[in-house]
Enquirer: 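I have a structure I would like to understand better, so I am pasting it below and will then ask my questions one at a time.
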Amino acid sequence: MSIIEFIILAIALSFEALIIMHGCASKSNIRLTKGLAESAIIALESVVLMLVGLYIGNLLRFTPESLGESTTRDLLTDSDNLVCLALMIFVALRLMFRTGSKKHKAPNYDISRYPTAALLGIAVGINSLLVGMGLGFRIDAGDNIWRAAVPLFVITTIFALLGVMLGRQQKELRSRRYALVAALFILAFALKGAIWG
């Protein structure tokens with residue numbers, strides 16, 4: 001996978017951090033420097049969960065490394081691509097129905113405390129874990145650690161901090177639109193991987 005694909009995937013995964021941090025910051029009084037630190041914590045947890053997902057996917061994939069060029073290898077590779085597609089579709093649907101539903105209320109957790117932000121980071125990082133598991137069925141974790149980690153950390157930090165800044169100023173955020181964009185990014189990425197490999 002190229003670095004551009006990882007950047008697109010990081011943008012899609014970071015929209016949830018933007019939405020959640022906006023909702024929390026609009027309900028609590030938080031300094032911008034503390035918001036930056038908490039954004040970095042959330043981004044770091046997302047990166048760790050994605051890397052754990054990559055390694056789990058590598059352990060569970062159907063295609064063994066020792067298998068040479070054969071029809072069996074092609075069938076197993078197709079199975080790996082289908083598992084990746086299924087996990088990506090699940091994450092996209094989860095984003096659309098959880099964050100983008102009309103009944104969804106903005107979260108109002110007190111992010112002025114670091115333990116709350118750490119737990120919120122785990123909740124935000126579940127999508128990264130599932131996407132990492134899907135990617136682990138297609139790519140080798142050892143070759144893609146930095147390409148997966150650096151864009152996700154930087155972009156999630158920026159999006160979460162943007163959510164804090166907009167929330168502090170009580171700016172309206174169209175969370176359904178952002179959730180739909182994130183879901184479309186993930187679906188396009190999944191279909192590209194399943195069809196073209």
Side-chain angles (χ1 to χ4, degrees), residues 1-20 40-99 118-157 159-160 179 181-197:
M1 278 181 55
S2 68
I3 190 72
I4 300 297
E5 291 174 307
F6 278 115
I7 289 171
I8 291 170
L9 200 56
I11 290 170
L13 291 171
S14 299
F15 277 119
E16 189 175 15
L18 169 72
I19 294 165
I20 289 177
I41 290 170
I42 288 172
L44 183 63
E45 288 174 331
S46 291
V47 167
V48 168
L49 287 170
M50 176 174 256
L51 295 179
V52 167
L54 274 171
Y55 282 108
I56 291 172
N58 278 178
L59 291 173
L60 297 177
R61 71 178 161 192
F62 299 108
T63 312
E65 296 298 323
S66 60
L67 202 59
E69 294 296 324
S70 68
T71 306
T72 307
R73 182 177 178 85
D74 292 340
L75 287 173
L76 293 176
T77 303
D78 288 344
S79 299
D80 290 338
N81 286 339
L82 288 175
V83 171
C84 178
L85 177 65
L87 284 169
M88 296 280 191
I89 288 173
F90 177 73
V91 170
L93 291 174
R94 186 174 185 264
L95 274 172
M96 282 195 305
F97 290 117
R98 193 172 68 102
T99 311
L119 291 173
L120 201 56
I122 294 172
V124 169
I126 295 297
N127 287 339
S128 298
L129 175 71
L130 294 172
V131 167
M133 281 177 63
L135 290 178
F137 278 88
R138 287 188 50 226
I139 63 174
D140 185 38
D143 297 339
N144 293 285
I145 288 177
W146 295 111
R147 279 186 287 201
V150 173
L152 185 61
F153 179 78
V154 171
I155 293 172
T156 303
T157 302
F159 274 48
V181 169
L184 288 176
F185 274 17
I186 290 174
L187 284 175
F189 184 84
L191 289 173
K192 180 261 175 199
I195 295 171
W196 291 288

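Numbers here are sequence positions counted from 1.
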Enquirer: Assess whether side-chain contact (heavy atoms from CB on, under 4.5 Å) is satisfied between L82 and F137, documenting all intermediate values.
Expert: CA-CA 9 Å; L82 288 175; F137 278 88; over 6 Å; no

Enquirer: Has F153 got more than 12 heavy atoms of other residues, nucleotides or ligands less than 6.0 Å from its CZ?
Expert: yes

Enquirer: Can you name the closest pair of heavy atoms from I122 and L49 and give their distance?
Expert: O-CD1, 3.9 Å

Enquirer: List the steps and the verdict of side-chain contact (heavy atoms from CB on, under 4.5 Å) for I139 and L54.
Expert: CA-CA 8 Å; I139 63 174; L54 274 171; 4.0 Å; yes

Enquirer: Tell me the closest heavy-atom pair linking S46 and T156, and the distance in Å.
Expert: OG-CG2, 4.4 Å

Enquirer: To check you understand the geometry: which heavy-atom pair defines the closest contact between V181 and F15, and what is its length?
Expert: CG1-CE1, 3.8 Å

Enquirer: For A141 and N58, work out which heavy atoms get closest and say how close.
Expert: N-OD1, 2.7 Å

Enquirer: Output, in order, the C-alpha distance, side-chain angles, deciding distance and verdict of side-chain contact (heavy atoms from CB on, under 4.5 Å) for L13 and I186.
Expert: CA-CA 8 Å; L13 291 171; I186 290 174; 4.2 Å; yes

Enquirer: Indicate the atoms forming the closest heavy-atom contact of D140 with N144, along with that distance.
Expert: O-ND2, 2.8 Å

Enquirer: Show your reasoning for whether side-chain contact (heavy atoms from CB on, under 4.5 Å) applies to F6 and L135.
Expert: CA-CA 11 Å; F6 278 115; L135 290 178; 4.1 Å; yes

Enquirer: Can you check whether I42's main-chain N or O pairs, donor with acceptor, with E45's side chain at less than 3.5 Å?
Expert: no

Enquirer: Which heavy atom of Y55 sits nearest to which heavy atom of I145, and what is that distance?
Expert: OH-CD1, 3.1 Å

